[in-house]
There are 2 protein chains.
Amino acid sequence: MKYPIRSLEFKNNKLYLIDQRALPQQYKKFICENYRDVEFAIAEMVVRGAPAIGVTAAYGVVLAAFEFNELPIKQFLDQMHEACDIINSSRPTAVNLMWAIKRMRFFLIDNETPKNVLHKLKAEANQIADEDIRTNKKMGQFGNSLIPHKATILTHCNTGALATVEYGTALGVIRAAFEDGKEIFVYADETRPRLQGARLTAWELVQEGIPATLIADSVAATLIRDGKIDLILVGADRIAINGDCANKIGTFMLSVIAKVYDVPFYIVAPTTTIDFEIETGEEIEIEERSKEEVTHINGVQIAPENIDVYNPAFDVTPNENITAVITEKGIINKPFKENILKLK
Amino acid sequence: MKYPIRSLEFKNNKLYLIDQRALPQQYKKFICENYRDVEFAIAEMVVRGAPAIGVTAAYGVVLAAFEFNELPIKQFLDQMHEACDIINSSRPTAVNLMWAIKRMRFFLIDNETPKNVLHKLKAEANQIADEDIRTNKKMGQFGNSLIPHKATILTHCNTGALATVEYGTALGVIRAAFEDGKEIFVYADETRPRLQGARLTAWELVQEGIPATLIADSVAATLIRDGKIDLILVGADRIAINGDCANKIGTFMLSVIAKVYDVPFYIVAPTTTIDFEIETGEEIEIEERSKEEVTHINGVQIAPENIDVYNPAFDVTPNENITAVITEKGIINKPFKENILKLK
């Protein structure tokens, strides 16, 4: 059965998310009735992927406005800012979350009625969601221009429809090349510890009928060395002004191998992923997640109880390992800093 | 509870293996009553690790001799050679298996009674097991000379007591340094897909009280870059004359990162791991294992049913990425070919 892949939908004043913790075994929805559900959904990775997190957060602000719009404007705004703060702190690394919350806060002004603010917030969240889809299609077009016919593409983590509203960033480029009739082949890293590649990317590729093979993360290096990978496409959770990119743990490793063996390494991310407040990747906070993500899989224990675990969710790929950054405004080439600042 | 870690034991004419598929949740024995049980145990990875496979195979030949020693000598030898062939083909990459079988075949001669041959085979298998322990202790001593006080060591897969008869190869060196009072710290790669690091190495480290932290395989690159790893110790399944080493998938990736960031990368393996019949690693057959190792963990499905999988169990690390090879006969430095041929 082919499901429509849209990671989230706002209807009947509720936010319906595909519960990404349950895929691929189960396709089910997680319903957010209030902004605390949204905080939970982001923190627990019911929804993940920088762009999807941003849009989800925006709808979280809308849900807060539904909850508080009967209050007098001052209390309404106090509650709304508190809700924004809480949603904002649900995960630390992806900048799209902060960007979306900031964009929503713009409407939290006191010369309006709460009901008016609510309407505007809802329109804005819908706008952010629509923009995300258009942005992904644009990145798909720009990225596709770099994909040779019959290319074999390596990707890491999930950057597809599930990581966005629809279509995807790096996986969106793969979709665009496939829709364009190029006979591409995809290797998908399983992406430990959360297995977004095995669970989500493999699922999307199977749904679309795109020829693909799943590998353990440590297999990629031999494929790259053996000349079996034409290019690498990954997403990003935050991009510094100098082009350093934070992305899913394992991205840095791939980038080093790609550089040693001279394989093009592309980041695909909307310009909302650029953090114009930081100069380099060293300033990016890297989220550390729970030990259980490594010691247990689907509730089954795989490591001894009393072993320590270091579980960073992201790593930073230095700009020198990146060939180009594919955005909805075009392909950013080197020198990154100069070209990124033009987008500000 | 602290279990004695000895991967195998031959008593009452049966081979008792720690069932490594059940660890760390369960500590139980798998009993081989005949050589076909041994073939199964090796193929299904009840026992794994190149040296442990070699010793297990030797006892498999002993079990065959128990089975067939009532036959006339000619039929006995026919059956014995067939058993040797079957055990020999249980896994293709580790050369210790072939080496042990070859050593046992030496006793399959027709101017003996089957009962005499049986006695000699049993003595030889015990000898191989005893040698393995002595060899590991020796490697521990040589390797320990390279470990600085307070070193942080990265290791991959399991190369401990469970991969040998007792003590271990790379993990044996770690044991030796710890026993020597050096305040070492170990990072253990979980080692997908079979998770020997998470299941077995973490378990051994916890048993021994050696300070250690478990990581997903793709975390290692950032630790190496950030200067947090002083040296890397891994085992080998087969070593070519030029020093190229086949080892658990993921070893090659580590070796590239180590070379880029100038971190010493040591192979620890007995000289029985050297295959003097092959010049380079290109001649080593790399075992591909089942799709289910990647798509399922402990019987739980984590990837969609109809995704293809590429699952090589090993990769080859080229000699230029290796600092030295630690054996029971000493530390082999460059030029590898010249120094390896001296050991023939």
Side-chain angles (χ1 to χ4, degrees), chain A residues 23-25 156 187-193 195 197-199 202-203 205-207 211-223 225 248-254 256-257 259-261 286 291 293-295 297-312 315-316 318, chain B residues 23-25 156 187-193 195 197-199 202-203 205-207 211-223 225 248-254 256-257 259-261 286 291 293-295 297-312 315-316 318:
Chain A
L23 285 173
Q25 297 97 321
H156 190 69
Y187 280 101
D189 281 351
E190 65 172 359
T191 317
R192 280 284 289 153
L195 294 164
R199 290 176 190 279
W203 182 78
L205 290 163
V206 167
Q207 297 291 313
T213 284
L214 177 66
I215 54 172
D217 301 321
S218 58
V219 175
T222 63
L223 294 174
R225 175 191 61 188
K248 181 55 50 196
I249 188 74
T251 305
F252 166 67
M253 169 190 88
L254 284 182
V256 176
I257 310 282
K259 195 176 185 206
V260 168
Y261 291 97
I286 298 296
K291 165 180 173 167
E293 289 190 350
V294 178
T295 58
I297 295 179
N298 278 15
V300 178
Q301 189 184 332
I302 53 163
E305 204 65 69
N306 31 9
I307 186 79
D308 285 333
V309 172
Y310 171 55
N311 181 24
D315 56 30
V316 173
Chain B
L23 286 172
Q25 297 96 320
H156 190 68
Y187 280 102
D189 281 351
E190 65 172 0
T191 318
R192 280 286 287 153
L195 295 163
R199 291 177 188 279
W203 182 78
L205 289 164
V206 167
Q207 297 292 313
T213 284
L214 177 65
I215 54 173
D217 301 322
S218 59
V219 174
T222 64
L223 294 174
R225 175 192 61 189
K248 181 55 49 198
I249 188 74
T251 305
F252 166 67
M253 169 190 89
L254 284 181
V256 176
I257 310 282
K259 194 176 187 204
V260 168
Y261 291 97
I286 298 296
K291 166 179 173 167
E293 288 191 351
V294 178
T295 58
I297 295 179
N298 279 14
V300 178
Q301 189 184 332
I302 53 163
E305 205 63 68
N306 32 9
I307 186 78
D308 285 333
V309 173
Y310 171 55
N311 180 24
D315 56 29
V316 174

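Below, each value reflects all heavy atoms present in this structure, side chains not excepted, and no hydrogens, waters or symmetry copies. Residue numbers start from 1 in every chain, and the chains themselves are labelled A, B, ... in the order their sequence lines are given, proteins ahead of strands.
For the atom pair T222(A) OG1 and I249(B) CD1, the distance stands at 4.5 Å (nearest 0.5 Å). For the atom pair CG of L195(B) and CD1 of I302(A), the computed distance is 4.5 Å after rounding to the nearest 0.5 Å.
For V206(B), the part lying under 4.5 angstrom from a heavy atom of chain A is the side chain only. With a 4.5 Å cut-off on non-hydrogen atoms, V294(A) touches chain B through its backbone and its side chain both. Heavy-atom distances place the side chain of I297(B), and not its backbone, under 4.5 Å from chain A. Interface residue V309(B): backbone and side-chain heavy atoms are both found under 4.5 Å from chain A. For L223(A), the part lying near chain B is the side chain, with the backbone staying farther off; criterion is any non-hydrogen pair under 4.5 Å. Neither the backbone nor the side chain of N311(B) has a heavy atom closer than 4.5 Å to any heavy atom of chain A. For a residue to count as touching a neighbouring chain, one of its non-hydrogen atoms must lie under 4.5 Å from one of that chain's; by this rule L254(B) does not touch chain A.
Counting heavy-atom pairs closer than 4.5 Å to chain B, the top-ranked of the candidates K259(A), R199(A), E293(A) is R199(A). For the set V316(A), T295(A), D308(A), D315(A), the entry with the most heavy-atom pairs within less than 4.5 Å of chain B is D308(A). Among T191(B), I215(B), V219(B), L205(B), the residue making the largest number of heavy-atom pairs under 4.5 Å with chain A is V219(B). Interface check for chain A: of the options A198(B), A216(B), G197(B), P193(B), the most heavy-atom pairs under 4.5 Å are formed by A198(B). Contacts with chain B were tallied for V256(A), L23(A), D217(A); V256(A) has the most, counting heavy-atom pairs under 4.5 Å.
Here A221(A) pairs with I257(A), F252(B), M253(B) under the side chain to side chain contact (heavy atoms under 4.5 Å, CB included) rule; sequence neighbours left out. The salt bridge (Lys or Arg N to Asp or Glu O under 4.0 Å) check on R192(A) picks up E190(B), with sequence neighbours excluded.
Taking all atoms of both residues into account, the shortest heavy-atom contact from S218(A) to G250(B) is CB-CA, 3.4 Å. When all heavy atoms are compared, the tightest approach of P24(A) to P304(B) is CG-N, 3.6 Å.
A 4.5 Å side-chain heavy-atom check between V300(B) and Q25(A) finds at least one atom pair inside the cut-off.
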